[in-house]
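Below you'll find the structure, written out as structure tokens, and then a few comments.
Quick note: numbers below take in every heavy atom, side chains included, and nothing from hydrogens, waters or symmetry partners. Just so it is clear, the structure is predicted and the values come from calculations on it, not from any experiment.
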Amino acid sequence: MEGDGSDSLVTIKNIERELICPACKELFTHPLILPCQHSICHKCVKELLLMLDDSFNDVGSDNSNQSSPRIRLPSPSMDKIDRISRPGWKRNSLTPRTTTFPCPGCEHDVDLGERGINGLFRNFTLETIVERYRQAARAATAIMCDLCKPPPQESTKSCMDCSASYCNECFKIYHPWGTVKAQHEYVGPTTNFRPKILMCPEHETERINMYCELCRRPVCHLCKLGGNHSNHRVTTMSSAYKTLKEKLSKDIDYLIGKESQVKSQISELNLLMKETECNGERAKEEAITHFEKLFEILEERKSSVLKAIDASKKLRLDKFQTQMEEYQGLLENNGLVGYAQEVLKETDQSCFVQTAKQLHLRIQKATESLKSFRPAAQTSFEDYVVNTSKQTELLGELSFFSSGIDVPEINEEQSKVYNNALINWHHPEKDKADSYVLEYRKINRDEEMLSWNEIEVCGTSKVISDLESNCNYAFRVRAYKGSVCSPCSRELILHTPPAPVFSFLFDEKCGYNNEHLLLNLKRNHVESRAGFNLLLAAERIQVGYYTSLDYIIGDVGITKGKHFWAFRVEPYSYLVKVGVASSDKLQEWLRTPRDTVSPRYEQDSGHDSGSEDTCFDSSQPFTLVTIGMKKFFIPKSPTSSNEPENRVLPMPTSIGVFLDYDKGKVGFYDMDHMKCLYERQVDCSHTMYPAFALMGSGGIQLEEPITAKYLEYQETM
């Protein structure tokens, strides 16, 4: 028996790598089975969801976008973790809780659905194996009785119904003969308690009795009758158990029968590892040799260029020195002037004439040079600027010899940046690439190049988070086939928004006119419809009737910090106004009767394009710009041209609004180029809200945040 126990200990210890959570890198604790069939600790799932939810909803200060670890993070409070695990919990009324995250095991995005963590099964089998491993690792550590008075005695058995461990005396006390508790199931001392019957996570009172072959998970009869698995092929649990056990046993027997082949292949792998080590070192040495040759060429060219610059500098300085000495000679008692003064002292006429003639010519020449001063040489070295642009581009594309793998191309139309960056690329030989490496780096304002960040990607798109606001980022991608990689694609430069993205939805209560406006269920798209009521009101047009704007605002206000949001105005829109407005101004607007006020004559109503004209010098509690008929209208300004051709721009595909509450400033951006089209001061003494108004037919779609997409798994059982 001792030999069997020793073999069991060795076997358990040898499978330790299978018992490690891919997120926390520790032994599994209450493992859950994800939709991709990988397991992860219960606490790790909560931390991952909490981390992603916080990074998505953080709309605070400028420091809200600081980078954080992808997997490991400080443990949040238990209260916060408990809230995120409850069904139906939402961080706030704006956005639902995050249920999509990358599996740490396969890095594919998994979606937990509406029930979140509560829809996942605990992996009791894995939990039991981990407990056996823990017991084998701490064989000398006893499990103490849970019911003893201090000091507790060593337990002798554990009750699976009570989920507690007992010593002999306590077990007799709490499980007396002749009672229901006497029928409880007990085992040897353990800390792993599992339910006798597996219950359905979606129908908590129903037993699991079937297996869905499409989703590869146990289900109950209610799931099959009217739930998510009603149209799926299911089988009985006993049949699934028998089939899977036969397959697993057959596969294990096959592997055991191939033990000698496995050992042989392990030896071959060891040789391949040594060969790879040698070849890798040799490749590094060859690469170093090539770069050293390039360094020698650069040093030689550097020396030649510096010598040419020094020679030109010396020649110019010599000319300046000669010219300066000549001019110094024109000073009194110096040089030429001093010599001429001495010649004037000559009294012999013949000798004077003989000397003065040549001297007079020199004096005349010096006099002319004074009238038209011209330096003897140029100070600029423009002709000596080294042009390395072509060489820099070539060196940037420096790579290995062509490997037969085509270079991926980043799709600029499908790549964009908002709260995160979404990068899409196309690869002509997609089937030949095993994976891709997406590289990105921040470009500083002085164009200083920082090191590249690398992310391995299995597909042809990736969402990048934790980017700093108001910064340029460069992105490029390369393909891998085995250990061979393609050259990098051309770089794509994207500019992040000037502030963290502000999350909100359209408010369906405050001032919303359901007769003229149609709001979708998600509350992120509103449409203005000119219906029958508008036709009836139009009968009064002959007496000066004006159609007013229909307002709709965001459901969350802003009281501090910098915020950015974006939206798309439908191309068919006739007249749309967008911007910000304070709470008191909105109350004033929304109290005004809709069908009796002329928008043109209430100068401070915000209803007309002229409201900005009359008070652009003072800070107002609102700012709205006009968009319509595929045009963007810049309001009049005292500091710029007010000609129509300078104030009317093509309507951007997507428009962004940047509000700096603390500085009282609002700006409107072209999202395609992250370019500010118009900026002005705004009075932020009250709570500010995103404000929109529509007249006639039109529509506004809020820009959806960029999040990880759910990857459907279609593998067969």
Side-chain angles (χ1 to χ4, degrees), residues 3-4 6-28 36-40 70-71 102-108 126 129-130 132-133 136-137 247-294 397-408 427 429-439 451-459 477-488 715:
D4 295 342
S6 176
D7 292 342
S8 175
L9 178 61
V10 172
T11 302
I12 287 292
K13 285 191 174 182
N14 286 343
I15 66 171
E16 178 179 358
R17 59 180 300 212
E18 302 293 332
L19 311 180
I20 300 296
C21 172
C24 62
K25 307 301 180 186
E26 298 174 0
L27 289 174
F28 281 107
C36 59
Q37 302 303 305
H38 290 100
S39 294
I40 183 174
R70 180 171 175 78
I71 299 299
C103 168
C106 62
E107 296 187 356
H108 286 166
L126 176 58
I129 297 172
V130 170
R132 287 209 301 265
Y133 173 82
K247 287 185 177 181
L248 188 58
S249 300
K250 190 178 297 183
D251 292 340
I252 292 173
D253 291 340
Y254 176 82
L255 291 176
I256 294 175
K258 297 292 183 178
E259 184 173 355
S260 59
Q261 181 180 345
V262 172
K263 289 181 178 179
S264 173
Q265 291 175 352
I266 290 174
S267 300
E268 184 178 351
L269 288 172
N270 283 325
L271 293 175
L272 291 175
M273 287 175 64
K274 292 179 180 178
E275 185 178 350
T276 301
E277 184 74 25
C278 294
N279 291 339
E281 291 299 320
R282 188 179 301 113
K284 283 174 61 178
E285 292 174 0
E286 292 177 357
I288 290 172
T289 301
H290 287 301
F291 278 103
E292 286 177 348
K293 289 181 179 178
L294 289 175
E397 297 175 355
L398 188 64
S399 183
F400 304 105
F401 289 116
S402 176
S403 55
I405 303 179
D406 289 341
V407 181
H427 195 206
E429 300 293 337
K430 181 179 178 182
D431 295 335
K432 292 186 178 181
D434 296 332
S435 62
Y436 301 88
V437 170
L438 176 63
E439 298 180 342
S451 58
W452 290 95
N453 299 292
E454 295 187 352
I455 301 178
E456 186 173 356
V457 185
C458 295
V477 65
R478 63 179 186 269
Y480 271 84
K481 176 65 176 179
S483 59
V484 180
C485 72
S486 71
C488 290
E715 299 175 4

Min side-chain heavy-atom separation S435-V457 under 4.5 Å: no
Candidate pair D406 and H427, rule side chain to side chain contact (heavy atoms under 4.5 Å, CB included), full reasoning: CA-CA 7 Å; D406 289 341; H427 195 206; 3.9 Å; yes
Residues E286 and R282 bridged, charged N to O under 4.0 Å: no
S39 OG to L126 CG distance, which is reported to the nearest 0.5 Å: 5.5 Å
Minimal non-hydrogen separation, A479 against P408, with atom names: N-CG, 3.8 Å
N/O donor-acceptor pair under 3.5 Å between T289 side chain and E285 backbone: yes
CA sep, side-chain torsions, deciding dist, call: L19, I129, side chain to side chain contact (heavy atoms under 4.5 Å, CB included): CA-CA 8 Å; L19 311 180; I129 297 172; 3.8 Å; yes
Nearest-0.5 Å distance, CD of residue E26 to SG of residue C21: 8.5 Å
Side-chain heavy atoms of V262 within contact of L255, under 4.5 Å: no
Gap between atom CD1 of I256 and atom CG of D251 - 0.5 Å precision: 11.0 Å
Salt-bridge criterion met for R478 and E454 (N-O under 4.0 Å): yes
pair P22-F28: side-chain heavy atoms closer than 4.5 Å: yes
Nearest-0.5 Å distance, OH of residue Y436 to OG of residue S486: 8.5 Å
Spacing of NZ belonging to K247 relative to CD1 belonging to I252, to within rounding of 0.5 Å: 14.0 Å
Rounded distance (nearest 0.5 Å) linking atom CG of L269 with atom OG1 of T276: 9.5 Å
L27 side chain reached by I20 side chain, heavy atoms, under 4.5 Å: yes
Test side-chain contact (heavy atoms from CB on, under 4.5 Å) applied to E277 and E281, K274, M273, the passing residue: E281
Side chain proximity check, C488 to E439, heavy atoms < 4.5 angstrom: yes
